[in-house]
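Notes for the one structure printed next.
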Protein chains: 2
Amino acid sequence: MSPIHQTVAPRRGRPRRDRQPLTRQRIVAEAMAVVEGAGLAGLTMRGLAKRLGVDTMSLYNHVDSRDALLDAITGAVFADLRLPPATGGLRADVRAAAHAFRDTALRHPRCTHLALTRRPDSPTGPGPVAAALGILRRAGFPPATAVRVLRTGLAYLVGALLRELSAIPASDDAARRAEFDFGLDLLITAITDADRDARRG
Amino acid sequence: MSPIHQTVAPRRGRPRRDRQPLTRQRIVAEAMAVVEGAGLAGLTMRGLAKRLGVDTMSLYNHVDSRDALLDAITGAVFADLRLPPATGGLRADVRAAAHAFRDTALRHPRCTHLALTRRPDSPTGPGPVAAALGILRRAGFPPATAVRVLRTGLAYLVGALLRELSAIPASDDAARRAEFDFGLDLLITAITDADRDARRG
DNA sequence: ACCTGAACACCGTTCAAGT
DNA sequence: ACCTGAACACCGTTCAAGT
């Protein structure tokens with residue numbers, strides 16, 4: 001970032017902010033930066049193009065529309081989610097999965113807010129969903145029940161994170177974390193009890 | 001609605017869609033109808049004014065901005081929420097409160113989606129919040145715990161309804177209702193168990 | 001007090017033309 | 001294949017003028 005290292009290659013024609021070719025990936029990354037900095041309303045195709053040193057219409061060679069760009073941001077948020085390897089302990093694994101989700105959310109709060117509130121229902125890619133289902137299946141839940149338990153957990157996650165993401169400027173991380181864990185542990189206890197009951201009877 | 005009953009009073013000047021004075025309430029009600037019919041993106045100040053038979057700028061005598069109008073819609077959605085009188089049974093009362101919330105949501109799905117995803121954190125007016133806290137306090141939860149339990153329940157509600165509202169065209173009401181109740185009962189069991197444990201130790 | 005029209009400063013996107 | 005500029009059909013909102 002120091003100016004000393006800013007060796008600018010000679011340019012022909014109109015000055016550009018950079019020489020890298022425009023790609024879909026660069027567009028999405030820059031769009032995410034704009035959303036994090038200026039909010040969703042601050043993301044315009046014209047402003048984004050200017051930041052990339054490109055004509056507005058060039059964006060449309062890589063992205064169908066502003067709406068498609070928002071979908072791409074949503075995809076990028078969830079692509080960032082990685083669940084840790086399962087240990088076999090139901091409580092520990094559910095906790096770890098929920099915290100991995102929360103960590104991703106806190107890494108890009110505004111983009112995650114966007115991702116969680118867009119229509120397409122499945123809030124995560126197939127990878128993490130399969131992993132989370134695996135945790136519940138290994139604990140002994142039959143397939144249909146595992147899906148319902150997972151959906152219940154996702155509902156809590158989405159609601160809790162939506163609230164937390166909106167509260168980020170207002171309250172400190174430790175308080176928000178305690179709040180998140182209270183509800184999470186309540187839910188996990190319900191899940192483990194349901195699991196125990198299912199095994200018993 | 002029948003044309004027979006459309007007795008149109010004589011008019012002077014340019015034809016108007018109606019003669020009622022423009023009020024904030026009429027603006028908000030019409031805006032909600034637009035959102036339900038055409039989605040949030042279909043709500044424009046210009047289009048809304050046209051529907052009300054009024055110049056665009058007249059809206060600004062009653063509403064500060066489009067954003068303020070969305071806040072007003074959010075308020076109207078939650079104003080529609082009424083919790084049934086509590087019976088004293090924790091499970092029955094929590095169930096009834098959650099279903100009252102869901103009923104309101106299903107009455108205006110798109111406006112509720114808007115309301116649940118807007119930044120302001122408290123998703124309900126003070127009335128229902130106090131009532132819900134009362135249910136938990138009467139069950140024996142100390143004040144701080146009651147607040148946390150309530151927030152956990154609200155997180156589930158918000159997440160579950162957001163998902164359900166997006167699924168409305170796709171799946172039938174009975175299936176969605178069963179899905180909602182599964183998670184709700186799981187959560188209520190966790191709450192009643194925590195309550196029992198708190199009373200015991 | 002409430003309503004209006006013109007004007008301002010923006011938008012996303014289509015299209016035909018460039019390289 | 002990718003980029004560009006002009007143009008189209010919109011936006012929300014300010015402001016000064018009407019009643």
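First the proteins, then the strands, lettered A, B, ... as listed; each starts at 1. The figures here come from the full heavy-atom set of this structure, side chains too, leaving out hydrogens, waters and symmetry mates.
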Test: B:Arg51 and B:Glu30 ion pair at under 4.0 Å: yes

Stem regions touching DNA chain D, defined by at least 3 consecutive Watson-Crick or wobble G-U pairs below 3.5 angstrom: C:4-8 with D:12-16, C:12-16 with D:4-8

Phosphate contact (D:dA1 OP1 or OP2) by A:His62 side-chain N/O below 4.0 Å: no

Nucleic acid footprint by protein, nucleotides 12-19 of chain C - heavy-atom cut-off 4.0 Å, B for base, S for sugar-phosphate alone: BBB-----

Salt-bridge criterion met for A:Arg118 and A:Asp67 (N-O under 4.0 Å): yes

N-O pairing of B:Asp103 and B:Arg107 below 4.0 Å: no

d(CG, B:Asp55; C1', C:dT4) in whole Å: 5 Å

Rounded distance in Å - NZ (B:Lys50) to C1' (C:dG5): 14 Å

Backbone N/O of B:Val54 and side chain of B:Ser58: donor-acceptor pair under 3.5 Å: no

Under-4.0 Å salt bridge between A:Asp193 and A:Arg91: no

Whole-Å distance separating the CG atom of B:Leu52 from the P atom of C:dC2: 16 Å

SB check B:Glu164 B:Arg176 (cutoff 4.0 Å): yes

Whether B:Tyr156 and B:Phe180 hold their rings parallel, tilted or perpendicular, with breakpoints at 30° and 60°: tilted

A:Phe182 and B:Thr145: CA distance, side-chain angles, deciding distance, side chain to side chain contact (heavy atoms under 4.5 Å, CB included) verdict: CA-CA 9 Å; A:Phe182 177 89; B:Thr145 309; 4.2 Å; yes

